[in-house]
Engineer: 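Dropping the structure in here first, questions after.
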Amino acid sequence: AGAAASVQGGQQVAARAPATAPTTASAAAAAPAPAEEEPEETVALRRRVQDLRVMLLRITGRLGVSTQSSVVQQVLMRLDMAERIRLPRRGAAARGPAPLAAAQAEAAALEGGEGEAAALPFTCTVMLLGLSGGGKSSIVNSLLGRDACPVSAFEPATKKVQVVEGSVRGVNMRFIDTPGLLLAPSKIKHNNRVLAQAKAASKKHKPDIILWVDRMDVLRRPGADLDVLRQVTVTLGTATWFNTVLVMTHAAKPPPDSATGAMVYDAYINHRMSALQQGVRAAAQDFRLMNPAALAECHPNCRTGADGEPILPNGTPWRQQLLMLGLSSKLLVDAEKALDIQKAAAGGAAAGNPFANIYRPQKLPPIPYLLSNMIQPRRPRKFPEEEREVWPMKEILALDDHWEAKKQYKLRREFISFKDAEQRDDDAGRSQKPVSIPGPDLPLQPSFDPELGYNRYLSIDSPGGWIAQPHVEPNSVEHDDGVEGITVQRDGVIRPPQSLIGGVPAHFHAQIHADKNTLSVISESEVSLHHSRRQVSTLGVDAQTVGADHLWVLRGETRRKKVMDKNRIAAGLLASRLVDGGGAPLKGPIVYGIKLEDRVRVRRGTKANLSAGMMTAKTRGGKEVAYAANAKITSRHATDESTLVLAEVSMMRFRKDTMIGGNVSMQGNPTDQTQVTGRLNLSTKGTGGLTMRVTSHDQNRLAWAFVGPTLGWLVGRVRGRGDEMY
């Protein structure tokens, strides 16, 4: 997904230390020995890769970054793999000195001869994009060490695209500073003008890296900047995000308080970066995109280290980190252009090259999403209500009680006779056309349409069993009808020909959402095989679109009743494959999962459900493993089923990160016309919420529902928060 995405961001740059390299009298003496049997083109390409290694080590030494830092090690590893893919060493080339040792010696010799103040034959062009007030111009000024761009703390200072050139530690830098984008829907025209200028500057100056700048101390509702991110994608193209570094400014400010107190600095950074990364993925329609991330603090009073470099509260020298990420990505872009890695990888697979697939992006199914869905309890599909009390013939024959067997056999024959008579009546009346009835009216949102729009979305319940109706999103935009797609569903029983009883219950459900830019489909189909009245197996196939890709899931589980129907145990398996670019599930890595579940009826109205699962996948980078567990207790009042209490605790561990969350929900009816619901949820990630809702039709008690919001509004006015509701 581009060279920039190969350098994982957000990692702390190691302590300042000069790059250690063995000294030598001559750089040429330490260069790899030429391979006589290699053609001149191969020798030239090998020299080009070696020059990139030398340049990386020289930049590393000038920035004061250790050669053992994660970013430097990743770039060296990528360069080594690129050379092995494109230029495998044979003969004299394989017997020459190690490329890294030779590059260290050459870099030390050049730095000793020219000096650290000498200009490097290396230029990096950086374009800065982001929301207004994010600090794009301040970053340019901080990196160059001078006031190259105008800044203002009260109003946007950058009125048009401007190009600023300078030198940073001998590296020639060209910055393309752009005006800030605005979130308001009424500013679409302004954003189009800014992006058009940025596109023209991009064609002219060809930026090597893009910085998307946002403020870490500004909290917005989820998805608030999604329209702006999509506007960038439409204007500049999806490939823009592949060479983008996400930068959060104002990173020295303390994190806000959470429900449990002050948030941990690193946890708050991860939360903000994750929210921004999710928005970029949604805008690019690639939900496995991983952009490098960096922090910045341009305030003149920012804390500095012993060497005078500004550092963040976690001790990271942010200018070194940001420059290292950008320049490393530029080096990898140059390596891909010089060696044509993508072409070599495409042709190398047929020749049996073991490194041919390294540079091909590998997409995995969303393991946490699949695992959390897998451990949720699923009810098997059942026969129609009138057929559930009829015993299968093999269970009747297995009964030891002769009179009970005779009773069940009689009930079975009566039911078959009833269904046979019903079938004959249906056959006799087939000459008459079946009558379809209108479905219930949809609860549409308020609209500005002059007439009610119910007739536009009228659905028909036909005798054939298929139900097709619009899908209404309850949380739609104000004065929008909320219709976002179509839902198609059918339930039935698959029976052998001429059979009136038995068979396999089946279910099919699909949702289709479409707008001007995207089309998404989510489908689910499953069948349940009832082995006996106590044991049933369910097999399902799910398919859905994930951007331009298709996600396929094959799942199955077996459930069995035990201990006088008070205990139900289940075991299930799952296999999933994400097809890059869409299509049938014939290619791509496979994710496997297993789950165990136990459902216990504690007493009348109280049930406990315990489940645990594991999911694993084999990737090029190793083995991915995730674990999850869930415990849920549901209790209803013995005489009033509308009173409900639900408590749930869940845990998930994936990539050495463990998250534990829990929620408690309550529902009750104080009166016949009043319903009160509440929900409290917390997690170890510092997130949580409390929701209370009162719905009442009692006119004399309706005013109590407004007591809380009214008091909050009064408190806000006293504290000087304006007319907002709290």
Side-chain angles (χ1 to χ4, degrees), residues 9-16 59 62-65 116-117 124 126-181 209-219 245-256 262-263 265-266 268-269 272-273 276 292-327:
Q11 303 187 20
Q12 199 170 4
V13 178
R16 290 175 58 88
I59 293 174
R62 294 193 178 193
L63 294 179
V65 180
E116 293 188 358
C124 182
V126 180
M127 173 178 281
L128 295 94
L129 297 172
L131 300 178
S132 180
K136 299 180 292 297
S137 301
S138 298
I139 289 180
V140 176
N141 295 339
S142 296
L143 294 179
L144 293 179
R146 57 186 175 89
D147 295 334
C149 300
V151 295
S152 175
F154 304 102
E155 61 180 1
T158 305
K159 304 299 182 181
K160 62 179 181 179
V161 174
Q162 54 183 345
V163 180
V164 179
E165 297 184 356
S167 176
V168 181
R169 305 290 179 88
V171 179
N172 298 320
M173 301 291 297
R174 180 186 296 116
F175 294 99
I176 306 174
D177 191 15
T178 62
L181 304 174
I209 198 72
I210 295 175
L211 303 183
W212 178 265
V213 183
D214 197 359
R215 294 182 59 149
M216 193 185 72
D217 60 336
V218 176
L219 294 177
V245 177
L246 307 180
V247 182
M248 284 284 185
T249 59
H250 297 264
K253 288 192 175 182
M263 294 184 64
Y265 182 79
D266 291 337
Y268 179 63
I269 291 175
R272 290 288 289 118
M273 284 296 184
L276 181 57
L295 302 174
E297 178 53 72
C298 304
H299 197 279
N301 294 332
C302 179
R303 186 163 59 99
T304 58
D307 54 359
E309 283 290 329
I311 58 177
L312 301 176
N314 58 3
T316 303
W318 70 267
R319 288 199 299 198
Q320 294 177 2
Q321 182 193 38
L322 183 56
L323 287 170
M324 201 66 223
L325 285 175
L327 298 178

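Worth knowing before you read on, the calculation uses all heavy atoms, side chains too, and leaves out hydrogens, waters and symmetry mates.
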Engineer: Taking Ser137 as the fixed residue, which of Thr178, Asp147, Thr158 is the one that meets the side chain to side chain donor-acceptor pair (under 3.5 Å) rule?
Structural biologist: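 Per the side chain to side chain donor-acceptor pair (under 3.5 Å) rule, the option paired with Ser137 is Thr158, out of Thr178, Asp147, Thr158.
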Engineer: How close do Asp217 and Tyr268 get, counting heavy atoms only, and between which atoms?
Structural biologist: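 Minimum heavy-atom separation between Asp217 and Tyr268: CA-OH, 4.0 Å.
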Engineer: Could you tell me whether the side chain of Arg272 and the main chain of Met216 form a donor-acceptor pair under 3.5 Å?
Structural biologist: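 Yes; at least one donor-acceptor contact below 3.5 Å.
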Engineer: Donor-acceptor pair, distance only, cut-off 3.5 Å: does the side chain of Thr249 make one with the backbone of Gly134?
Structural biologist: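 Between the backbone of Gly134 and the side chain of Thr249 there is a qualifying donor-acceptor contact (under 3.5 Å).
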Engineer: Check for a donor-acceptor pair, side chain of Trp318 on one end and backbone N or O of Glu297 on the other, with a separation under 3.5 Å.
Structural biologist: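 Here the side-chain-to-backbone pair exists.
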Engineer: Kindly say whether Val163 contributes a backbone atom to a donor-acceptor pair with the side chain of Arg174 at under 3.5 angstrom?
Structural biologist: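 Absent.
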Engineer: Search all heavy atoms of Ala148 against all heavy atoms of Asn141 and return the closest pair with its distance.
Structural biologist: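 Heavy atoms of Ala148 and Asn141 come nearest at N-OD1, 2.9 Å.
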Engineer: Could you walk me through whether Val247 and Leu322 pass the side-chain contact (heavy atoms from CB on, under 4.5 Å) test, one step at a time?
Structural biologist: CA-CA 8 Å; Val247 182; Leu322 183 56; 3.9 Å; yes
Engineer: Using only atom types and a distance under 3.5 Å, with no angle test, would you say the side chain of Asp214 pairs donor to acceptor with the backbone of Met248?
Structural biologist: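 Pair absent, no side-chain N/O of Asp214 close to backbone of Met248.
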Engineer: Judged by atom type as modelled, is there a donor-acceptor pair below 3.5 Å linking the side chain of Ser142 to the main-chain atoms of Ser138?
Structural biologist: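 Such a contact is found between Ser142 side chain and Ser138 backbone.
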Engineer: Considering only NZ, NE, NH1 and NH2 on the basic side and carboxylate oxygens on the acidic side, decide whether Arg169 and Glu309 come within less than 4.0 Å.
Structural biologist: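 Judged by the 4.0 Å cut-off on N to carboxylate O distance, Arg169 and Glu309 do form a salt bridge.
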Engineer: Considering only heavy atoms from C-beta outward, does the side chain of Arg303 approach that of Pro310 to under 4.5 Å?
Structural biologist: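 No; the side chains remain at least 4.5 Å from each other.
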Engineer: Please identify which of these residues, Ile139, Leu323, Leu211, meets the side chain to side chain contact (heavy atoms under 4.5 Å, CB included) condition with Val126.
Structural biologist: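 Answer to the side chain to side chain contact (heavy atoms under 4.5 Å, CB included) test with Val126 among Ile139, Leu323, Leu211: Leu211.
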Engineer: Salt bridge check: are Lys136 and Asp177 linked by an N-O gap of less than 4.0 Å?
Structural biologist: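 Result for this pair is no, no salt bridge flagged.
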Engineer: Testing the basics here: between Leu295 and Met273, what is the closest heavy-atom pair and its distance to 0.1 Å?
Structural biologist: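 Heavy-atom minimum between the residues: CD2-CE, 3.6 Å.
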